*Asks:* 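Here it is, the structure, as structure tokens.
Keep in mind that what you see is a predicted model, and the values were worked out from it rather than measured.
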Amino acid sequence: MEKYLETGALEDGDVVSLIRHRKVFPCWFGSALKLEGVREFLQGVERYAAPPVYPQQFGAKVFKIARDPQGVRLTYLKVTGGSLKVKALLTNQRPDISLPADQVWEEKADQLRIYSGAQFRAADSVPAGGVCAVAGLSRTHAGEGLGFEPESPIPLLEPVLSYQVILPQGANVHTALKQLGELEEEDPQLHVAWSEQAREIRLQLMGPVQLEVLTRLIRDRFGLEVSFSTGSILYKETIAAPVEGVGHFEPLRHYAEVHLLLEPAPRGSGLRFATACPEDVLDRNWQRLILTHLMEKEHLGVLTGSPITDLTITLLTGRAHVKHTEGGDFRQATYRAVRQGLMQAQSILLEPWYDLRLLLPPDQVGRAMSDLQRMGGELQAPEPEGEYTLLCGSAPVSGLQDYAAQVAAYTRGLGRLTLTPAGYQPCPNQAEIVSQLGYDVERDVDNTPDSVFCDHGAGYIVPWDQVPQFMHVDNGLELGEPEEDAAPAAPPLPRKGSVYSGSLEGDDELMAIFERTYGPVQRRDFRPQAKPRRRDELPEKQAIKTPEDLGPEYLLVDGYNIIFAWDELKSVARDNLDAARQRLMDLMSNYQGYKKCQVILVFDAYKVPRGTGEVSKYHNIYVVYTKEAETADAYIEKTTYELSKKKYRVRVATSDYAEQMIILGHGALRLSATTFRAEVEQAAGQIAALLKQQNRPTRSQPVKAALEKARGKT
């Protein structure tokens, strides 16, 4: 941009470089149907698209699966290295990735097709950069990498609704399931599933538009006039606290035992797997096999049979038999261990949410806000946008399923609703949903939590709640209830975004929690004070210490935390963040003038490029802007620690719960935003009262003053 503004032109090399590094995205306008703009587009591609340099090693990326009119399965791929020849042997095996034996495939490329519309020509080879359709491959999938190409990441867009497929009268359900499986190969996000309990086919979709397209596709491709039920929500499940799951599989001439630790993970993190098992306890090959079995299956929860998420599953220990253990034994033991752990855990039902953006006429804002609050949604303050009003927020999918049609109705087509998936949140009416779905965990034989043991040459089933008593391995992990004389467990941290509203009265409880976790804190403010002695009992020359004798008091204020915690400052910050900072600095200056403490106001500037940090004096307070890559929390922690070492009294004003715990460990007192606001308001009131008293006018009495003056002289 600087070069263009200086010279008024750019060379083609500059444009090519910018496009190649994805800093500029060219646009052409036209219509391929009417052949408008096509020539200009092709000329632009030829002029500005730099051809990549492909390696000699073979690589290819699968981007589509389809079928020709004769039903031949076609794998569309782009060759990204070397060349692909007809009858070449292709496989998904790579040296850097170990796959289970049943997932490895090796097939020939029987035919290479170069398509132009519906017509194609056969090719003997396709060089790097070429796109072709390969016939003869039956186990490829979209996004798969061949040769040196890695697997593509899972798509971020995830279906949130499930629909039952209602077949026409007389249709064969097994044939229909096979045909829908072909569509799933082309679009893996359909998630075609056969429910054995309900005896029905279900699809996972995003909503009615995709449903309409799919209905027409099934009719054109297979001649089936299908319909769909009302969409039901796709729930997920997680757990509230860590739990150990154990699984044992030991029918005759088989043996495997697995111990897993299931821990809740941050919301939206999905499933993560790890191992903490020593290799001298269980060989590495068995450990890798267990992790593969954990990743290969969609594990179901025990509340509604929905997939589990937001969990970290760690392999603790296990056991194999030298002679009798086979790969399938660990699959059974692993599945049962996951299920057995979930049966013991406190499960949480999660429902999908949407971020919404609703643009509508101002006279309809009240109706929209009422609807969204009734759904249990969260809304931001309305914002004017031209002649319309913009509402932003989030709400559960269960309330927004048909809301777009309602918006179009009550706004007479003037309203526009945009929805974006926003992950999963705990379901408030969990008991009601679980009762409605009626999932019977004991009857789900495909996902059993029970284990199989062997006695006198015959296998027998041990119920899940009795399995720990029969285990052959003890991992030494203790997750049970604390003993009666033990201190109560620390409460869970509030979820992200919550504001801790405690006060100084809660310091004793927080300190007790901290000391149980990190040991005692040596600071005089928290030691039990001895009973005061009478003045006549004090030894000679012993002075009673006042607060001034303990040294100056320091108050550190987390600037942005306070701004966005106080409503009046938050409203100012929406329009002008600098004005909100200035307002807070003035408030702190008045506060310091009355309280006579050392005030350090810290603002977070860690995202400022090449920032070196800044400390300035504003009237009677210090204002700190942190340096690049240093947060206000880190600065406050460091300063609190240094001041506490010098035995100064330190208080920190913040509502960051984790920060409060850390500063307690440094021997400082903490103030929540609510408590600090009350202090500031109280100081402001006392300042106003003092000024009012000093500025009160008094009536002059000159005669009385003259008499008193004369009396004094005499």
*Asks:* Tell me if a side-chain donor or acceptor on Gln340 pairs with a main-chain N or O of Pro449 at a distance below 3.5 Å.
*Replies:*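 A pair under 3.5 Å: no.
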*Asks:* Side chains of Leu400 and Leu372, heavy atoms from C-beta outward: is any pair under 4.5 Å?
*Replies:* yes
*Asks:* Got a second to check how far Leu271's CG is from Met295's CE, nearest 0.5 Å?
*Replies:*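 The CG atom of Leu271 sits 11.0 Å away from the CE atom of Met295.
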*Asks:* Report the residues that fulfil side-chain contact (heavy atoms from CB on, under 4.5 Å) with Ala431, sequence neighbours left out, ordered by chain and then residue number.
*Replies:* none
*Asks:* Write out all pairs satisfying salt bridge (Lys or Arg N to Asp or Glu O under 4.0 Å) with one or both partners inside residues 386-403, taking only residues at least two apart or from two chains.
*Replies:* none
*Asks:* For Glu681, give me all partners under salt bridge (Lys or Arg N to Asp or Glu O under 4.0 Å), at least two apart in sequence or on another chain.
*Replies:*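 For Glu681 the salt bridge (Lys or Arg N to Asp or Glu O under 4.0 Å) partners, ignoring immediate neighbours, are Arg677.
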*Asks:* Residues two or more places apart in sequence or in another chain: which of them pass salt bridge (Lys or Arg N to Asp or Glu O under 4.0 Å) with Arg574?
*Replies:*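 Partners of Arg574 by the salt bridge (Lys or Arg N to Asp or Glu O under 4.0 Å) criterion come out as none, since no residue qualifies.
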*Asks:* Quick one: ring pair (Phe, Tyr, Trp, His ring centres under 6.0 Å) partners of Tyr622, sequence neighbours excluded?
*Replies:*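 Residues passing ring pair (Phe, Tyr, Trp, His ring centres under 6.0 Å) with Tyr622: none at all.
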*Asks:* Only pairs at least two apart or in different chains count here, so list each salt bridge (Lys or Arg N to Asp or Glu O under 4.0 Å) that has a residue in residues 304-317.
*Replies:*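 Every pair satisfying salt bridge (Lys or Arg N to Asp or Glu O under 4.0 Å) with a residue in residues 304-317: Arg267-Asp310.
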*Asks:* So, do Leu294 and Val338 sit near enough that their side-chain heavy atoms are less than 4.5 Å apart?
*Replies:*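 Yes. Closest side-chain heavy atoms under 4.5 Å.
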*Asks:* Taking the side chain as every heavy atom from C-beta outward, state whether Pro396 and Pro352 have any atom pair closer than 4.5 Å.
*Replies:*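 Result no, sub-4.5 Å side-chain heavy-atom pair not found.
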*Asks:* Is the backbone N or O of Ile636 less than 3.5 Å from a side-chain atom of Thr639, with the two atoms forming a donor-acceptor pair by type?
*Replies:*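 Flag not set: sc Thr639 to bb Ile636 has no pair under 3.5 Å.
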*Asks:* Within the 4.5 Å heavy-atom criterion, are Leu556 and Arg651 side-chain neighbours or not?
*Replies:* no
*Asks:* Does the side chain of Phe273 come within less than 4.5 Å of Thr314's, by heavy atoms?
*Replies:*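 Side chain of Thr314 against side chain of Phe273, heavy atoms only: no contact under 4.5 Å found.
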*Asks:* Salt bridge (Lys or Arg N to Asp or Glu O under 4.0 Å) with Glu385: which residues, sequence neighbours excluded?
*Replies:* Arg357
*Asks:* Does the Asn576 side chain pair with the main chain of Ala579, one donor and one acceptor, at a distance under 3.5 Å?
*Replies:*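 Flag set: sc Asn576 to bb Ala579 pair under 3.5 Å.
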*Asks:* Would you check if Tyr618 and Leu601 make a side-chain contact, meaning some heavy-atom pair closer than 4.5 Å?
*Replies:* no
*Asks:* Where is the tightest heavy-atom contact between Leu300 and Gly305, given as atom of each residue plus distance?
*Replies:* CD2-O, 3.4 Å
*Asks:* Can you tell me how far apart CG (Leu359) and CG (Leu391) are? Round to the nearest 0.5 Å.
*Replies:* 9.0 Å
*Asks:* Looking only at heavy atoms, which two atoms of Leu360 and Ala368 are closest? And how far apart?
*Replies:*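 Residues Leu360 and Ala368, closest heavy atoms: CD1-CB, 3.7 Å.
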*Asks:* For Leu587, enumerate each residue passing the side-chain contact (heavy atoms from CB on, under 4.5 Å) test, keeping only those at least two apart in sequence or located in another chain.
*Replies:*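 By the side-chain contact (heavy atoms from CB on, under 4.5 Å) rule, Leu587 matches Trp566, Arg583.
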*Asks:* If I compare all heavy atoms of Gly301 with all of Leu342, which pair ends up nearest, and what's the gap?
*Replies:* CA-CD1, 4.2 Å
*Asks:* Rounded at 0.5 Å granularity, tell me how far OG1 in Thr389 sits from CG in Asp363.
*Replies:* 9.0 Å
*Asks:* Using a 4.5 Å cut-off on heavy atoms from C-beta on, say whether the side chain of Val302 contacts that of Arg339.
*Replies:* yes
*Asks:* Quick check: do Leu261 and Ile313 have side-chain heavy atoms less than 4.5 Å from each other?
*Replies:*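 In short, these two side chains do not touch, never coming nearer than 4.5 Å.
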*Asks:* Both conditions, 6.0 Å and 45 degrees, for the charged tip of Lys236 above the ring of Tyr424: are they met here?
*Replies:*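 Positive - Lys236 is close enough to the ring of Tyr424 and near enough to its axis.
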*Asks:* Start with the C-alpha distance between Ile239 and Ile348, add both sets of side-chain angles, then the distance that settles side-chain contact (heavy atoms from CB on, under 4.5 Å), and finish with yes or no.
*Replies:* CA-CA 5 Å; Ile239 61 176; Ile348 300 174; over 6 Å; no
*Asks:* May I ask you to decide if Trp353's main-chain N or O and Gln425's side chain share a donor-acceptor pair within less than 3.5 Å?
*Replies:* no
*Asks:* Check Gly593 against Asn620 and note the closest heavy-atom contact, atom names and distance.
*Replies:* N-ND2, 3.5 Å
*Asks:* Could I get the full list of side-chain contact (heavy atoms from CB on, under 4.5 Å) partners for Ala683, not counting sequence neighbours?
*Replies:*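 side-chain contact (heavy atoms from CB on, under 4.5 Å) list for Ala683, sorted by chain: Tyr591, Tyr594.
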*Asks:* How long is the span from the CD1 atom in Ile621 to the CE atom in Met585, to the nearest 0.5 Å?
*Replies:* 6.0 Å
*Asks:* Starting from the C-alpha separation in whole Å, work towards a yes-or-no answer on side-chain contact (heavy atoms from CB on, under 4.5 Å) for Val557 and Val602.
*Replies:* CA-CA 6 Å; Val557 181; Val602 184; over 6 Å; no
*Asks:* So, for Pro428 and Glu351, which heavy atoms are closest and what is the spacing to 0.1 Å?
*Replies:* CD-OE2, 3.4 Å
*Asks:* To the closest 0.5 Å, what do you measure between CG (Leu260) and OG1 (Thr312)?
*Replies:*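 OG1 of Thr312 is found 12.5 Å from CG of Leu260.
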*Asks:* Quick one: closest heavy-atom pair of Tyr354 and Leu419, and the distance?
*Replies:*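 Reported closest heavy-atom pair: CD1-CD1, 3.6 Å.
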*Asks:* Please enumerate all residues that pass side-chain contact (heavy atoms from CB on, under 4.5 Å) together with Gln346, with sequence neighbours excluded.
*Replies:*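 Partners of Gln346 by the side-chain contact (heavy atoms from CB on, under 4.5 Å) criterion, ordered by chain and then number, come out as Ala240.
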*Asks:* Could you go through the side-chain contact (heavy atoms from CB on, under 4.5 Å) check for Asp558 and Val652 one step at a time?
*Replies:* CA-CA 8 Å; Asp558 189 339; Val652 177; 5.9 Å; no
*Asks:* Apply salt bridge (Lys or Arg N to Asp or Glu O under 4.0 Å) to Asp578 and list each qualifying residue two or more places apart in sequence or on a separate chain.
*Replies:* Arg581
*Asks:* Begin with the C-alpha distance, continue with both residues' side-chain angles, and end with the deciding distance and a verdict on side-chain contact (heavy atoms from CB on, under 4.5 Å) for Leu555 and Phe676.
*Replies:* CA-CA 11 Å; Leu555 172 66; Phe676 185 51; 3.6 Å; yes
*Asks:* Roughly how far apart are Cys427 SG and Leu303 CG, rounded to 0.5 Å?
*Replies:* 10.5 Å
*Asks:* Would you say the side-chain atoms of Thr304 and Glu237 include a donor-acceptor pair closer than 3.5 Å?
*Replies:*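 On atom types as modelled, these side chains qualify, holding a pair under 3.5 Å.
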*Asks:* Could you name each residue pair satisfying side chain to side chain donor-acceptor pair (under 3.5 Å) that touches residues 365-375, not counting sequence neighbours?
*Replies:*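 Qualifying pairs, neighbours excluded: Arg367-Asp371, Asp371-Arg374, Asp371-Tyr403.
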